[in-house]
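These notes concern the structure reproduced below.
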Amino acid sequence: MHIGIDKDTCIGAGQCALTAPDVFTQDDDGYSTVRPGREDGGGSALVREAARACPVGAVTVSQTVG
């Protein structure tokens, strides 16, 4: 799994961090970021729900082919 956050689109609503706090957090400016070591989703079942919760669609989740 690969998680992407479009920093140009993110408005800092924080819905991803509220939905999957073990994967997402907010930086000092209030914008969403993926927690270090959780770039692959960390096995969280809530990552896709967090992407859907983003009001501006800044969070993307895709499968990685390995």
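Keep in mind that what you see is a predicted model, and the values were worked out from it rather than measured. Index from 1, following the sequence.
Under the 4.5 Å side-chain criterion, counting only non-hydrogen atoms from C-beta, Ser62 is not in contact with Met1.
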In a table with atom names and distances, give each donor-acceptor pair under 3.5 Å that connects a side chain of residues 2-13 to protein atoms at least two apart or in another chain.
from : atom 1 : to    : atom 2 : distance (Å)
Asp6 : OD1    : Asp8  : N      : 2.9
Asp6 : OD1    : Thr9  : N      : 3.3
Asp6 : OD2    : Thr9  : OG1    : 3.0
Lys7 : NZ     : Ser32 : O      : 2.4

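Evaluation of the side-chain hydrogen bond (donor to acceptor under 3.5 Å, both in side chains) rule for Thr25 yields no partner, not counting sequence neighbours. Listed by chain and residue number, Arg52 satisfy the salt bridge (Lys or Arg N to Asp or Glu O under 4.0 Å) test with Glu49 (two or more places apart in sequence, or in another chain).
Side-chain contacts under 4.5 Å among hydrophobic residues (ILVMFWY), followed directly or transitively, place Tyr31 with no other residue at all.
In terms of heavy atoms, Ser44 sits closest to Val23 at CB-CG2, 3.7 Å.
Listed by first and then second residue, the salt bridge (charged side-chain N to carboxylate O under 4.0 Å, His left out) pairs involving residues 17-46 amount to none (not counting sequence neighbours).
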Verify side-chain contact (heavy atoms from CB on, under 4.5 Å) between Val34 and Phe24, making sure each step is shown before the conclusion. CA-CA 5 Å; Val34 177; Phe24 299 95; 4.1 Å; yes
